[in-house]
There are 2 protein chains.
Amino acid sequence: MESKNAVAALAALAQESRLAAFRLLVVAGPEGMPAGEIGEELAIPPATLSFHLKELVHAGLIESRRESRSIRYSLCTAAVKELFEFLMEDCCQGRPELCGVQAEQLCCGPPPPKRTAKRRGAS
Amino acid sequence: MESKNAVAALAALAQESRLAAFRLLVVAGPEGMPAGEIGEELAIPPATLSFHLKELVHAGLIESRRESRSIRYSLCTAAVKELFEFLMEDCCQGRPELCGVQAEQLCCGPPPPKRTAKRRGAS
DNA sequence: TCCATATTTCTACTATTATGGAAATATGGA
DNA sequence: TCCATATTTCCATAATAGTAGAAATATGGA
């Protein structure tokens, strides 16, 4: 990922309405949500929402597909991952013991509830 | 983390010079880097750099400490982690199998080189 | 074809942000 | 105290971004 792409993605997220829409789509998962539903949930007028969604699409963070009369938006998970990797590239020069970020488990709640004793079985 | 804080952090990162400075500090780790060194590395005039560093500090992403004549900046790793968690909260409604993000290993290069056969030793 | 629904484009207005020179401030050493 | 170094504050200018009404476009059904 190039710096310019990352800046575009971050700028897209750096706005209340867009961040809220993004987070809605993070939760929605691959199914995504139609624009109208997003707008209703966030109480944003259609023209404004359309503008913001387009910004997110343009930044490559979400994508749209028409579905009958609605347009359904969903997250581009690969782009999100790339962005995170770009931000944390060479973190602590590869000395994870120095690093408090330890980005494991940022996603999908509490997946491995315990990892103490036995290696946890197939997920 | 509140939405406003996240927007502030993202806005701080959504700028070429600041993003570059941030990434420099990600690599630098807990030691951090003095302002002058950052400015030299990025070829940014002092006044401009000072402005941008202050934005990052204000957003809570980095912190500064005076060290003799220099001011040394370093990453606030906890804030970065919080930001990532906020962005990915309830990702896929807790169904990680749906999610391509799987944010493991965003940090500190390639820590577990292989995880195929034997359970890898204590982290 | 005609209408209702869903979303986007157009447009103008307002507000915020980036830039960098010059001057000011803080530190340490002679 | 005086000077050099390191960084910040002040300021004006230029550029970019957010907002939402009204009109335009696309889809599906009667």
Side-chain angles (χ1 to χ4, degrees), chain A residues 3-25 28 31-76, chain B residues 2-25 28 31-75:
Chain A
S3 179
K4 297 234 171 183
N5 299 333
V7 167
L10 291 162
L13 292 173
Q15 202 280 338
E16 286 269 2
S17 301
R18 286 198 296 264
L19 180 57
F22 173 88
R23 300 216 311 146
L24 229 41
L25 294 178
E31 279 177 39
M33 280 173 85
E37 203 173 312
I38 300 172
E40 204 172 334
E41 187 81 32
L42 303 180
I44 298 173
T48 306
L49 180 67
S50 182
F51 169 78
H52 287 310
L53 289 175
K54 200 165 63 169
E55 293 283 303
L56 287 167
V57 170
H58 210 83
L61 289 168
I62 67 175
E63 61 191 356
S64 66
R65 54 187 189 280
R66 181 170 278 279
E67 193 166 274
S68 178
R69 270 184 280 197
S70 299
I71 295 187
R72 187 170 279 269
Y73 287 87
S74 55
L75 202 66
C76 292
Chain B
E2 264 179 65
S3 179
K4 298 233 172 189
N5 298 335
V7 167
L10 291 162
L13 292 173
Q15 203 281 338
E16 286 269 0
S17 300
R18 286 197 297 262
L19 181 56
F22 173 88
R23 300 216 311 146
L24 229 42
L25 293 178
E31 281 178 38
M33 278 174 86
E37 203 173 312
I38 300 173
E40 202 172 335
E41 187 81 31
L42 303 179
I44 298 173
T48 306
L49 180 67
S50 182
F51 169 78
H52 287 311
L53 289 175
K54 199 164 64 168
E55 293 283 303
L56 287 167
V57 169
H58 210 84
L61 290 169
I62 67 174
E63 61 191 357
S64 67
R65 56 186 188 279
R66 181 170 277 279
E67 192 166 274
S68 177
R69 272 184 278 199
S70 299
I71 296 187
R72 188 171 279 269
Y73 288 87
S74 54
L75 202 65

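Each chain gets a letter, A, B and so on, in the order the sequences are listed, and its residues count up from 1. Treat the numbers as computed from the prediction; the structure is a model and nothing was measured.
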Less than 4.5 Å apart, any side-chain heavy atom of [X] and any of [Y]?
X     : Y     : value
B:L13 : A:L13 : no
A:R18 : A:F51 : yes
A:L56 : A:H52 : no
B:S74 : B:E31 : no
B:L42 : B:S17 : no
B:P34 : B:E67 : no

When you check the phosphate oxygens OP1 and OP2 of [N], does a side-chain N or O of [X] lie under 4.0 Å from one of them?
X     : N      : value
B:R18 : C:dA18 : yes
A:K54 : C:dT9  : yes
A:R66 : D:dA26 : no
A:T48 : D:dA20 : yes
A:H52 : D:dT19 : yes

Separation of [X] atom [atom1] from [N] atom [atom2], in whole Å?
X     : N      : atom1 : atom2 : value
A:I44 : C:dA6  : CD1   : C1'   : 16 Å
A:E67 : C:dA6  : CD    : P     : 13 Å
A:E37 : C:dT7  : CD    : C1'   : 15 Å
B:H58 : D:dT8  : NE2   : P     : 15 Å
B:K4  : C:dT16 : NZ    : P     : 12 Å
B:R65 : C:dT27 : CZ    : C1'   : 17 Å
A:R72 : D:dA26 : CZ    : P     : 22 Å
B:E55 : C:dT17 : CD    : C1'   : 8 Å

Counting a pair only when it is Watson-Crick or G-U and both distances are under 3.5 Å, which runs of at least 3 such pairs involve DNA chain D?
-> C:1-30 with D:1-30
A:P45 or A:R69: which one's nearest nucleotide on DNA chain D is closer to the 5' end?
-> A:P45
Sugar-phosphate, base or nothing in reach of A:A35, heavy atoms under 4.0 Å | sugar-phosphate
Hey, does A:S50 reach any base, or is it just sugar-phosphate, or nothing, if we go heavy atoms under 4.0 Å?
-> base
If you only use heavy atoms from C-beta on, which nucleotide in [options] is closest to the side chain of [X]?
X     : options              : value
B:P34 : D:dT9, D:dG21, D:dT7 : D:dT7
A:F51 : D:dT19, C:dT7, D:dT9 : D:dT19
B:Y73 : C:dT8, C:dG28, D:dT7 : D:dT7

Closest to the 5' end of DNA chain C, once A:S70 and B:Q15 are matched to their nearest nucleotides, is A:S70
Spacing of A:E55 atom CD and A:L61 atom CG [to the nearest 0.5 Å] | 11.0 Å
Roughly how far, to the nearest 0.5 Å, is CD of B:E63 from CD1 of B:I71?
-> 13.0 Å
